[in-house]
Amino acid sequence: MSSATSPYDALLAEAAGRPFAAIVGWPVDHSRSPALHGFWLKQHGIDGHYGRLPVEPTRPALEQLAAFLRRTPNARGCNLTLPHKIDILPLLDRIDPAAARIGAVNTVVKRSDGTLDGYNSDGVGFLAALADGAPGWKIADGPAVVLGAGGAARAVVASLIEAGVPELRLLNRTQASAVALGVAFTPQDGRQIAIERWDDRDRVLEGANLLVNTTSLGMNGQPPLELELTKLPTTAAVDDIVYVPLETELLAAARARGNRCIDGLGMLLHQGRIGFEAWFGKKVAVSAALRHAVAADLGA
Ligand SMILES: NC(=O)c1ccc[n+]([C@@H]2O[C@H](COP(=O)([O-])OP(=O)(O)OC[C@H]3O[C@@H](n4cnc5c(N)ncnc54)[C@H](OP(=O)(O)O)[C@@H]3O)[C@@H](O)[C@H]2O)c1
């Protein structure tokens, strides 16, 4: 007689009584988060574990996850990836205001009383990667152009508005999604989110100080991002949050004409810090060695 081991039992067996967290998704095999958190655990000599937990996209499965986190003494929390970032919200005890604004949670932290807090670290990760990748460059110096209006775009737009971007031009293939995002994130202080047509994407680069690609275009297995950079000032920073490959065609073209370029790995690494520090009680940094280790895990 054989009984299949549940993913929860498998995770508990791997953790072997140590404090642990995990990436939760469906599917979850592709996630690089175990390489990221594994690096920090080893670097700081912490006797903890970070694993993978496949959880089906149904309400009962998410309720089971929340109950597991609450009742398991060594469970410290989890990260969430597609498709759970929104559906987890009603199952948590508190939602951080930034995550509530973005409307999605990617980090769950269990408090000592067993309650669960939800955070979104994508925006923080995006801004930290920008600061790292373009030292001296300032968000406040001019308009930003954001391509895409999906899940990642919500965090990017919210954080750019929060960080004081003076004007934001937003474009998406499905314009209605860009309009909805513009309505949700236009601040009350007179700054504008201008919704532009996807077909005008070459033209709206004129005078921009930042270009961000948050679409999946240019990612391995996806169509290329067709964009003519001629009108983009060479002083602008170009940030492609796609991280497979690391050097997308957009970044290669921007780099060749002298723009400062930021790849998607920095955002991925920086977003992990909030969870790690809360779960394992140690401040961590994004170093060249960490970049190297996670890039190797990506096969980049
Ligand atoms: N670096 C990081 O830490 C990080 C974090 C999160 C995400 N990402 C990356 O960001 C990308 C987007 O992720 P997401 O979660 O936001 O995905 P998502 O919610 O599915 O959004 C996908 C976006 O891409 C657009 N798109 C897809 N195919 C298109 C096409 N053929 N032509 C034009 N636009 C197209 C979609 O436009 P429509 O609305 O018209 O479909 C939408 O704006 C992925 O490559 C992901 O790996 C990176």
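Keep in mind that the numbers below use all heavy atoms, side chains included, and drop hydrogens, waters and symmetry copies. First listed ligand is number 1; within each ligand, the first listed atom is number 1. Starting from 1, each residue takes its place in the sequence as its number. Just so it is clear, the structure is predicted and the values come from calculations on it, not from any experiment.
- Annotation: ligand 1 has protein neighbours Gly148, Ala149, Gly150, Gly151, Ala152, Asn172, Arg173, Thr174, Trp198, Thr214, Thr215, Ser216, Leu217, Met219, Ile241, Val242, Tyr243, Gly264, Met267, Leu268, each with a heavy atom less than 4.0 angstrom from the ligand.
- Ion pair Arg191/Asp189 flagged as a salt bridge, since at least one NZ, NE, NH1 or NH2 atom sits closer than 4.0 Å to an Asp/Glu carboxylate oxygen.
- Through side-chain heavy atoms spaced under 4.5 Å, either directly or across other Ile, Leu, Val, Met, Phe, Trp or Tyr residues, Ile86 is tied to no other residue.
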Run the side-chain contact (heavy atoms from CB on, under 4.5 Å) check on His270 and Asp122 step by step: do they pass? CA-CA 8 Å; His270 279 286; Asp122 280 338; over 6 Å; no
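- With a 4.5 Å cut-off between side-chain heavy atoms of Ile, Leu, Val, Met, Phe, Trp and Tyr, the cluster of Leu82 takes in none.
- Residue pairs meeting the salt bridge (charged side-chain N to carboxylate O under 4.0 Å, His left out) criterion with at least one partner in residues 90-109, sequence neighbours excluded, are Arg70-Asp93, Arg94-Asp117, Arg101-Glu162.
- Taking the six-membered ring for Trp and the full ring otherwise, the centers of His49 and Phe20 sit at least 6.0 Å from each other.
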